[in-house]
Every structure is written in structure tokens, then in C-alpha cells.
Asks: 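This is the structure I want to talk about, given as C-alpha cells.
Bear in mind that the values here come from a model prediction, so they are computed numbers and not experimental data. Throughout, numbering of the chain's residues begins at 1 and tracks the sequence.
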Amino acid sequence: MEVKAMSKNMKLWLLVINCLMLGIGNCIAPLTNRLYSVRGGKRIWLMCALETAGFPFLLIPWLIAYIYRRRKYGPGTNITSISPKLIFYSLVIGVLTGLDDLMDAAGVSKLPVSTYSLVLASQLGFTALFAWILVKQKFTFLHINAIILLTAGAAVLAFNSGSDVPTNESKGTYIVGFLMTLGVAVLYGFVLPSIELIYKKAKQTVTYSLVIEMQVFISLSATILCVIGMAINHDFPAIPREAEHFELGKSMYYLVLVSDAFLWQLFFLGAIGVIFCNNSILSGILISALLPVSEILAVFLFGEKFTPEKGISLFLACWGSISYFYQEAKLDKEKKSIAENEEKKQNQVAEGNDQFRDVPEIVLQN
């Protein structure tokens, strides 16, 4: 069965939708993690599992995509289109994502959300490095400038970490959280270009339906890893006890857990969806570009300090993001100009050929 390529307009709308999903998940999911921690939640493996355990939510868009394909291609359409090879790659990426989730859960539980978010800005630098190695991504001066600025924003926090240690946590705990979060940036910086490489090397047409299926297997693999950790750490019998002592109440405890799982799934699907519609660099830049939203929400919701170091980091993050998007807009304009010139040349050649074909007829008539 031949699958037709998606139209440009459809892909543009899909890109917008995935950017929104990535943005919502990226801005709010860390806040729900922090809410769980500051109100009495202590289970690191549980937080780790929640970051991918929301994959059953993906069964809804998967079913919708299947119904669409069935109407288009007939009743013989398979409910799944993913190949065994892509399943294997997805499971491997899932294991890496599970390890990333563990470090992320440990990091966000030990850091203020604003610091956590700004340290993650360095992820873009690692994404760019691995994109250059794995998918031969090309960079201009402004691209490199953006990456340096965003990475420098995280470095400012590293050199001034002592001033941001929460009153109820030791400096050693803070440093562990900082290093864990930096590890998240490195590992997920590798994961994003790896997914782009899988798309490029897939020996089948990559559709958005296939992207959803891959995310299900990625999340399943990561969740299994985290659930094993929960079992070893005796988290399952501890959950009801923790719910009873949660400061916001038992019902709110479970609501926070479900919301957290859903929001993280939005983030992950949005991230790989942006890669499908564009590339891994755009996915990484969006994660960094949305930092101001997390900053503002964390300061207002949790009363966290907005130190001068964070202000400098935020400024560098915004400057780097603007630099990147300016370069992308410039490149897009150049591509359109080149395409228009090529179209004009082809039209001129076609007109010349038409005139040339008319010459023998005039000679014969004479």
C-alpha cells in the first residue's frame, strides 16, 4: 500500500499543533513535579515513571489515525504500521529516555523550578553537537551564536550556585540536583537527533501515525524500566500512605499524578512531532525558548527567588532564541527567493522551447 506524502499546509498545521503540545508540557509539567515534591511527595522512581506512564493517552490519537487510514485505504488496513526494526530502535530510545527521566526526577526534586529550567537551556548545545555528528546538520554563524548564548545562560548558574541553595536543602544536595539536571540536558540532547536519524534511515514512509506508534513504544520501554525501579524501591505500597499525608489532600495527590503523566506525554509527543515536521534543532530551540514562561510561573506559583544570576541567564536565553529564529526566517526567505528564481528560469526555458518548436512550421509555410 503506497502512502502519499503529507501536503505542505497539513504539515504546517501539524507543526503548530506539536509546538503547542511541546510548549504546554515543557512549561507546566516541571511545575506539577515540583508541586508533588514541595507538598510531601518523596518517591523519586514514581516521579520518574510518571514522565512516560501517560502513554495510554496516545491510544486515542492512534485510534483516530487508524480510522482515518482505514477510510482512506480500505478495511484491509493494519491497525499498526510500525516495522519490527523501528520497534527495536524505539525500545532502545525508551531505555535512554527512562534513564533521562530518572535524572530529571532527581534534579527537579532538588532544585527550584526556575533554576532547573535554566540549566536545561544547555540541552540545546548538546542537541546541536549530536545533530551535527548524527544527521550532518549545517549551522550558520547566527545558529552557533544562539547555541553559545543559551549554553552560557546555564553556565552563569553553575558559577553562582551557592546563592540559590534553598533554605531547607544542603549545598551538596543542590549540586547533585544541578549535575543530574545537566545530565538530562546531555542525554536528551543525544536522544532528539537520534530520533531524527531514525526517521531518515527508516525503510518505510514516516507518517504522523507512525510517529505516535513510535512514541508509544518509547514510553512503554521507559515506563517498564522505571516500574522495575519502583518495585525494587518498594514504591507501590508507599503510594497510598503518601497520599494520606499529602498536604493538599488525597484526591489532589492522585490528580497531581495523573496530570503530571498527561503533561509529560504532551511534551514528548510534541518534541518528536516537531522533529517529524521540521528537525531536532527546532525541537531543542523551542524547549529553550519557552524558558521565560516557566520562569514567570515558578516565581508566582512557588514564591521562588528571581536572583540576578537568573536574570542574566534568562536574558541570554531570550537573546539566543531570537538569534536562532531570526536566522531561520532569513534562510526561509532565501529559499523562497531561490525557488521563485528557479521557477522563473523554468518558465523562460519553456517559453523559449515553445517558440523554437514553432519555427519549422513557419519555414514550411514559406
Side-chain angles (χ1 to χ4, degrees), residues 21 24-62 91 94-113 115-117 166-170 172-174 176-177 180-181 183-184 215-269 294 297-298 301-304:
M21 289 194 297
I24 293 170
N26 187 54
C27 294
I28 304 179
L31 298 177
T32 57
N33 271 16
R34 189 63 178 173
L35 179 63
Y36 167 81
S37 298
V38 299
R39 296 300 183 180
K42 303 295 182 184
R43 318 307 297 188
I44 298 299
W45 277 107
L46 173 59
M47 291 178 66
C48 173
L50 287 174
E51 295 193 13
T52 52
F55 68 90
F57 288 114
L58 296 179
L59 297 178
I60 297 173
W62 188 348
L91 294 176
V95 172
L96 296 178
T97 302
L99 295 174
D100 186 80
D101 291 346
L102 174 59
M103 291 189 293
D104 185 68
V108 77
S109 67
K110 292 176 173 59
L111 291 178
V113 173
T115 304
Y116 160 86
S117 299
T167 55
N168 60 336
E169 292 181 4
S170 66
T173 300
Y174 182 95
V176 170
M180 285 288 186
T181 306
V184 172
Q215 179 58 28
V216 169
F217 285 103
I218 290 171
S219 295
L220 176 63
S221 177
T223 303
I224 290 173
L225 178 66
C226 296
V227 166
I228 292 172
M230 287 180 65
I232 294 173
N233 200 45
H234 306 292
D235 279 359
F236 289 104
I239 290 175
R241 295 195 301 270
E242 192 171 72
E244 292 290 342
H245 297 91
F246 194 63
E247 292 180 16
L248 299 179
K250 186 175 181 179
S251 298
M252 279 298 298
Y253 175 83
Y254 290 110
L255 180 60
V256 168
L257 297 190
V258 173
S259 300
D260 194 50
F262 176 73
L263 288 166
W264 278 115
Q265 205 55 230
L266 275 186
F267 167 76
F268 284 117
L269 181 59
S294 289
L297 291 174
L301 294 178
F302 296 110
E304 295 180 359

Asks: Compare every heavy atom of Pro30 with every heavy atom of Gly25, then report the nearest pair and how far apart it is.
Replies: O-CD, 3.7 Å
Asks: Just how far is it from atom CD1 of Ile44 to atom CG of Asn233, taken to the nearest 0.5 Å?
Replies: 9.0 Å
Asks: With sequence neighbours left out, what residues match Phe217 under ring-ring contact (aromatic ring centres under 6.0 Å, His included)?
Replies: none
Asks: Please confirm whether the backbone N or O of Arg241 pairs with a side-chain atom of His245, one donor and one acceptor, at under 3.5 Å?
Replies: yes
Asks: Would you mind reporting whether Thr97 and Phe268 have side-chain heavy atoms less than 4.5 Å apart?
Replies: yes
Asks: Once you round to the nearest 0.5 Å, how far does CG of Leu91 lie from CD1 of Ile218?
Replies: 9.0 Å
Asks: First locate atom SG of Cys27, then atom CG of Leu263, and finally report the distance between them rounded to the nearest 0.5 Å.
Replies: 10.5 Å
Asks: So Ile228 and Trp45, side-chain contact (heavy atoms from CB on, under 4.5 Å) or not? Walk me through it.
Replies: CA-CA 9 Å; Ile228 292 172; Trp45 277 107; over 6 Å; no
Asks: Nearest 0.5 Å please: distance from the CE atom of Met252 over to the OG atom of Ser259.
Replies: 7.5 Å
Asks: Please walk me through it: do Leu225 and Leu102 pass side-chain contact (heavy atoms from CB on, under 4.5 Å)?
Replies: CA-CA 10 Å; Leu225 178 66; Leu102 174 59; over 6 Å; no
Asks: Taking atom CG of Leu31 and atom CZ of Arg34, what is their separation to the nearest 0.5 Å?
Replies: 10.5 Å
Asks: Could you work out, with ring-ring contact (aromatic ring centres under 6.0 Å, His included) as the rule, every residue matching Phe55, not counting sequence neighbours?
Replies: none
Asks: Could you please spell out the steps behind the side-chain hydrogen bond (donor to acceptor under 3.5 Å, both in side chains) verdict for Gln265 and Gln215?
Replies: CA-CA 9 Å; Gln265 205 55 230; Gln215 179 58 28; 3.0 Å; yes
Asks: Looking at every non-hydrogen atom in both residues, tell me the closest pair between Ala222 and Gly98 and how far apart they are.
Replies: CB-N, 3.6 Å
Asks: Tell me, yes or no, whether the heavy-atom count around Phe262 atom CZ, taken from other residues, nucleotides or ligands under 6.0 Å, exceeds 12.
Replies: no
Asks: Once rounded to the nearest 0.5 Å, what's the spacing between atom CG of Leu99 and atom SG of Cys48?
Replies: 8.0 Å
Asks: If you compare all heavy atoms of Arg43 against all heavy atoms of Ala238, which two are closest, and at what distance to 0.1 Å?
Replies: CZ-CB, 3.8 Å
Asks: Donor-acceptor check, side chain of Thr223 to backbone of Thr52, threshold 3.5 angstrom: yes or no?
Replies: yes
Asks: Any side-chain heavy atom of Tyr253 sitting closer than 4.5 Å to one from Ile239?
Replies: yes
Asks: Could you tell me if the side chain of Glu247 sits less than 4.5 Å from the side chain of Val38, heavy atoms only?
Replies: no
Asks: Does Lys42 have any salt bridge (Lys or Arg N to Asp or Glu O under 4.0 Å) partners at least two apart in sequence or in another chain, and if so, which?
Replies: none
Asks: Can you confirm whether Phe236 sits close enough to Val227 that some side-chain heavy atom of one is under 4.5 Å from a side-chain heavy atom of the other?
Replies: yes
Asks: Take a 6.0 Å sphere around CE of Met230 and say whether it holds more than 12 heavy atoms from other residues, nucleotides or ligands.
Replies: yes
Asks: Applying side-chain contact (heavy atoms from CB on, under 4.5 Å), run through Asn33 and Glu51 and close with a yes or a no.
Replies: CA-CA 9 Å; Asn33 271 16; Glu51 295 193 13; 3.5 Å; yes
Asks: Hey, does Thr32 have a side-chain heavy atom less than 4.5 Å from the side chain of Leu257?
Replies: no
Asks: Any non-hydrogen side-chain atom of Tyr36 less than 4.5 Å from a side-chain atom of Leu46?
Replies: yes
